[in-house]
Amino acid sequence: MEQNRTLATEAWEILQRSIIYYYDRPIGTLAACDSSSPALNYDQCFVRDFVPAALVFLIKGKTEIVRNFLIQTLKLQIKEKQLDFLEPGRGLMPASFKVIHQGEEQYLLADFGDHAIGRVTPVDSCFWWLFLLRAYIKATGEYSLAHSPEMQKGMRIIIELCLAARFEMYPTLLVPDGACMIDRRMGINGHPLEIQSLFHMALRCAEELLIDNNENAKIRQAIAGRIPPLTEHIRYHYWLDPQRLNVIYRYKAEEYGQDVLNQFNIYSDSIPYAELSEWFPENGGYLVGNLGPSQLDCRFFSLGNLVAILSSLVSPQQGEVIMHTIEEKWQDLIGWMPMKICFPALKGRDWQLLTGCDPKNRPWSYHNGGNWPVLLGFLVAAALKLDRFDLAKRAMAISNQRLPLDEWAEYYDGKNGRLVGKEARKYQTWTIASFILAEELITNPNYLDWISYDR
Ligand code: GLC
């Protein structure tokens, strides 16, 4: 315990060195402080990367940086309908930004994915922003900030962007590949779980923070109308356990009409039955990675499953089953570093076709089955929410031993996460922040209230 505290203090000092300033005011954190690798865009403040850091700042009472971040990123949000249709849509939040100095002047340069490798759309940014706004309000009680006209408008246009009628047939959100933490092509276009979990969390945050007035009436009604079908859809259609596997195994295809069993026309041959029936622990289960026409992506994606526990997108019982699966499949899902981003890795022809032969995403590397310490904080939070203190401590013990020695690496490679990632940055900010967050949550699980919904 004593040793953990010393480590956490050391980590806190490093975290503070990553703070960036805008006109002398703290406004965010760099993605990494590693002078040994080319900066690329790691010298920027990423919205998703800042979240664990922001939670740590709130816990430590350093609320100003989070407040500034929320206000300034809101100013970067696209506010007007674009006429040439080549600009990002109204409501979109940037993936990242940096402070540019021009003589005496400073300004913020935002990247909406228009500079990013692969030109990926940062769909998750607006969800993380809403999540953070709610955490900030919970931590400080400053409701007036969320209730200001600017914040109300910002929230409204985020939800408008998500709920605009397009071509969807499902209550889930249709997005391009690489629209979240996995910001490279990984066969996660369509209705990936991580986006659905964050979308659900964000809808709940907006529902809580949008004032009940005439201006918000329509959007509040739309939110209230979307949460129940979304929840039901995920709890039922994304859920996979040995019983469901049996049902899907015997599915008939080409069924037409409203009341059919195999609604998405999943062909049994597309499911890795042999592997799954061996892999599943007794009483195991989890949410699958994606669902679409004749598509059920059975990969386990950690962040989506963990956020679904935090926002109560899954039922309490499903949450317990997910935790049980993590415990029983510890070697596969945790191994030498909590936690694997997705399992299993894409290999062979799947890797070629779905990643476009991406060498950074070789099997068991980086996004394709690598282990990411940033997931530790979310794992610990979800475990504590479900009273699995034992699992939280067990995950923490692994990180304690390795993270400082490996200089707070960004990610790990290998089937068991034993190798420091081939191209991993050192002193990766969200690695450090997530470690402190996990430690703080274990010491005081009451902070869970800021980042989760009981029911
Ligand atoms: C990588 C990650 C992304 C993260 C960024 C900055 O692109 O895939 O999730 O936000 O690095 O750390």
Side-chain angles (χ1 to χ4, degrees), residues 14-15 18-20 28-34 36-55 69 73 93-98 110-129 131-132 175-189 192-195 197-198 301-304 306-307 339-342 345-346 355-356 358-362 365-378 403 407-413 420-435:
I14 307 175
L15 176 60
S18 70
I19 296 177
I20 51 175
T29 48
L30 299 171
C33 299
D34 182 359
S36 64
S37 308
L40 295 177
N41 51 358
Y42 284 82
D43 62 350
Q44 306 214 2
C45 175
F46 280 75
V47 172
R48 71 175 78 82
D49 292 44
F50 184 62
V51 171
L55 296 174
F69 171 90
T73 43
M93 287 274 186
S96 62
F97 63 86
K98 73 194 280 189
D111 181 359
F112 287 89
D114 45 340
H115 295 154
I117 298 169
R119 301 291 184 263
V120 278
T121 324
V123 178
D124 63 340
S125 285
C126 58
F127 301 146
W128 284 123
W129 184 86
F131 172 80
L132 198 55
V175 298
D177 214 335
C180 51
M181 174 186 178
I182 296 179
D183 53 358
R184 295 166 88 91
R185 192 175 153 200
M186 260 284 286
I188 56 164
N189 49 316
L193 178 66
E194 181 178 328
I195 288 292
S197 294
L198 288 171
F301 286 85
S302 299
L303 190 55
L306 297 172
V307 172
M339 166 170 201
K340 209 160 264 312
I341 193 166
C342 72
L346 296 169
T355 72
D358 183 348
K360 198 168 178 181
N361 274 339
R362 285 229 160 77
S365 187
Y366 198 50
H367 297 141
N368 188 14
N371 293 39
W372 287 68
V374 61
L375 299 171
L376 172 72
F378 295 96
L403 283 180
E407 296 170 293
W408 313 97
E410 179 189 11
Y411 68 94
Y412 288 78
D413 284 351
V420 174
K422 207 179 197 47
E423 293 176 48
R425 294 294 187 292
K426 300 288 177 75
Y427 297 96
Q428 180 80 16
T429 303
W430 67 359
T431 296
I432 301 166
S434 191
F435 174 82

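Start at 1 and go down the list; that is how both ligands and their atoms are numbered. Computed from a prediction, not measured in an experiment: that's the story for all the values here.
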For this session: Report yes if some heavy atom in the side chain of Ile182 is under 4.5 Å from a heavy atom in the side chain of Phe301; otherwise report no.
Result: yes
Exercise. Name the one of Cys342, Ser302, Cys180 that satisfies side chain to side chain contact (heavy atoms under 4.5 Å, CB included) with Glu194?
Worked result: Cys180
Exercise. Do Thr29 and Trp430 have side chains that get closer than 4.5 Å, going by heavy atoms?
Worked result: no
Exercise. Phe46 and side chain to side chain contact (heavy atoms under 4.5 Å, CB included): which partner among Thr429, Asn41, Val51?
Worked result: Asn41
Exercise. Less than 4.0 Å between a side-chain N and a carboxylate O, is that true for Arg185 and Asp358?
Worked result: no
Exercise. Heavy atoms, side chains only, cut-off 4.5 Å: are Ser37 and Tyr42 in contact?
Worked result: no
For this session: Taking only heavy atoms of the protein into account, state which residues are under 4.0 angstrom from an atom of ligand 1, in chain and number order.
Result: Ala31, Tyr42, Phe46, Arg48, Asp49, Met181, Asp183, Tyr366, His367, Glu410, Gln428, Trp430
